[in-house]
Number of protein chains: 2
Amino acid sequence: MDLRDELRVDERLARRGFRFTPQRQQVYAVLLQQRDHPTAERVFIRAKRKMPEISMATVYNCLDALVKCEVARLVALERGAARFCPNMRPHGHFYCTVCERVFDVDLPAAPGIALPPGCRVERYELAIHGRCAACAPARPGRRGKRRSG
Amino acid sequence: MDLRDELRVDERLARRGFRFTPQRQQVYAVLLQQRDHPTAERVFIRAKRKMPEISMATVYNCLDALVKCEVARLVALERGAARFCPNMRPHGHFYCTVCERVFDVDLPAAPGIALPPGCRVERYELAIHGRCAACAPARPGRRGKRRSG
DNA sequence: TGTCTGGGTTAGAATTGTTCCAAGTATTGA
DNA sequence: TCAATACTTGGAACAATTCTAACCCAGACA
């Protein structure tokens, strides 16, 4: 983990009256280590490897603190478990409906959406559902190029 | 409800081996009647007014059938209950974080998003979180009222 | 040093939203 | 008419999340 990031996280938590406890450090490290948008349960499993005593309730608590301090994002792509993502730059998500993997995608500079008048935007969430490169050829739908391998 | 719409829904269901039962008609009518993106529970409450015997399981069944036949959309804007929407034209959603109301918004013609190569898009979901006109002037705190019904 | 205060952690209970199930009902086709 | 099949129902089961009560620990202060 980048030390400057850790310092910034520490500060960000402190500013809101949260402590950067060993559990929160571990949960944040898990998010940074493998950026595959894990669910809370998956974070729990990974965090347990180095911290076997950690509980699910604590993982939820830590994720909640990280999200509140804008150090991680909660991503709700489908029904079922929420996913978490330490990438705080504006971005959208590509969700593969076959393998359920999630990829970050850049957002266009100017979305140019006509909002109801008077609205104040806090954030955008763009989710794109489809098939990733690995899964696209799998089930032949319309015409697609066939790849060997 | 527009008769042509109803006929089309009937057909669409039939094409997939579903029947347009009185319960499904009622659930669909509820969606058309008040386009405020109700949750399944809210649909249940509204459907009961004209059909007191209807059960929650049936409401879920009906909503599921309508979504499968592409007559309604399931909208997952936040954690918690899914919402339903009979507007099948491409559009996004503005979600007011204060009053929790949802508004349809038009999408820009060309989204222009750089996807990972080889991806095949099935659908976009754009969610914009913020404050609606009624809630925007409020200071961070609770204002705005949720409508009952 | 002891103790007070307040956030943090834990296991497990509770809650919420959804799906599953078994039994009975309605509709369709032979 | 009978059989096959889809549908509805209430309630059980389930998954994800939140809540609760007990205990823990760091820092402030006497």
Side-chain angles (χ1 to χ4, degrees), chain A residues 9-30 37-48 50-69 71-84 100, chain B residues 9-30 37-48 50-69 71-84 100 102 146:
Chain A
V9 172
D10 187 357
E11 273 171 32
R12 277 174 176 275
L13 287 162
R15 218 178 293 161
R16 298 251 194 163
F18 289 112
R19 293 186 206 143
F20 199 30
T21 63
Q23 285 84 350
R24 284 177 186 161
Q25 288 169 37
Q26 176 60 17
V27 164
Y28 187 54
V30 163
H37 304 80
T39 61
E41 196 192 6
R42 203 155 281 274
V43 171
F44 173 56
I45 290 165
R46 290 177 190 167
K48 266 176 106 87
K50 281 210 181 164
M51 195 176 260
E53 296 303 299
I54 199 169
S55 74
M56 197 66 197
T58 298
V59 168
Y60 274 108
N61 170 336
C62 294
L63 290 169
D64 192 51
L66 295 173
V67 169
K68 280 209 179 92
C69 298
V71 160
R73 281 175 62 183
L74 183 153
V75 185
L77 286 165
E78 353 130 62
R79 268 167 305 173
R83 290 156 174 267
F84 295 86
E100 300 184 358
Chain B
V9 171
D10 188 357
E11 275 171 30
R12 277 173 175 276
L13 286 162
R15 217 178 295 161
R16 299 249 192 164
F18 290 111
R19 292 186 206 141
F20 200 31
T21 63
Q23 285 83 351
R24 284 177 186 159
Q25 288 169 39
Q26 177 60 17
V27 164
Y28 188 54
V30 163
H37 305 80
T39 61
E41 195 193 6
R42 205 156 279 272
V43 171
F44 174 57
I45 290 164
R46 290 178 191 169
K48 267 176 104 87
K50 280 212 180 161
M51 194 176 262
E53 296 304 298
I54 199 168
S55 74
M56 199 65 197
T58 298
V59 169
Y60 273 107
N61 170 335
C62 295
L63 289 169
D64 193 51
L66 296 173
V67 170
K68 281 209 178 89
C69 298
V71 161
R73 282 174 62 182
L74 183 153
V75 185
L77 286 166
E78 356 131 59
R79 270 167 302 173
R83 289 155 173 267
F84 295 86
E100 300 182 359
V102 176
R146 217 160 155 9

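Each chain gets a letter, A, B and so on, in the order the sequences are listed, and its residues count up from 1. All figures in this text were calculated on a predicted structure; none of them were measured in a lab.
- One atom, CG of B/D64, and another, P of C/dG17, lie 18 Å apart when rounded to the nearest Å.
- Within the model, atoms CG of A/D64 and CZ of A/F84 stand 8.0 Å from one another, a figure rounded to the nearest 0.5 Å.
- Heavy atoms of B/T21 sit under 4.0 angstrom from primed sugar atoms or phosphate atoms, though from no base atom.
- Of the candidate nucleotides D/dT17, C/dT10, C/dT9, D/dT17 has the atom nearest to the side chain of A/A40.
- The CZ atom of B/R15 lies 10.5 Å from the CG atom of B/D10; values are rounded to the nearest 0.5 Å.
- Protein atom CD1 of A/I54 is 18 Å distant from nucleotide atom P of D/dC24, rounded to whole Å.
- At whole-Å resolution of the value, CZ in B/F84 and P in C/dT18 are 7 Å apart.
- Closest to the B/N61 side chain, of the nucleotides D/dT17, D/dC19, D/dC7, is D/dC7.
- Taking atom CD of residue B/Q26 and atom P of nucleotide D/dT8, one finds them 12 Å apart after rounding to whole Å.
- Summarising the geometry, the separation between CE on A/M56 and P on C/dG8 is reported as 19 Å, rounded to the nearest angstrom.
- Within the 4.0 angstrom heavy-atom criterion, only backbone atoms of the sugar-phosphate kind lie near A/A81; the bases stay farther away.
- The two atoms that bring B/V67 and B/R73 nearest to each other are CG2-C, 4.2 Å, heavy atoms only.
- In this structure, NE2 in B/H37 is found 11.5 Å from CG in B/L74, a value given to the nearest 0.5 Å.
- For the OP1/OP2 pair of D/dT9 and a distance below 4.0 Å, the side-chain nitrogens and oxygens of B/Q23 include at least one atom meeting the criterion.
- If you measure from atom OH of A/Y60 to atom C1' of C/dT15, you get 13 Å, rounded to the nearest angstrom.
- To the nearest 0.5 Å, atoms CD (A/E53) and CE (A/M51) are separated by 10.0 Å.
- Rounded to a whole Å, the CZ atom of B/R79 is 14 Å from the P atom of C/dT18.
- Dashed line: the shortest gap from a side-chain N or O of B/T58 to OP1 or OP2 of D/dT8 is not under 4.0 Å.
- If you check every strand for non-hydrogen atoms under 4.0 Å, B/E41 touches nothing.
- Here C/dG6 presents its P atom at 17 Å from CZ of A/F18, a figure rounded to the nearest Å.
- Residue B/R19 places its side chain closer to C/dA26 than to any other of D/dG11, C/dG6, C/dA26.
- Remark: B/R24 is in phosphate contact with D/dC7, judged by side-chain N or O atoms under 4.0 Å from OP1 or OP2.
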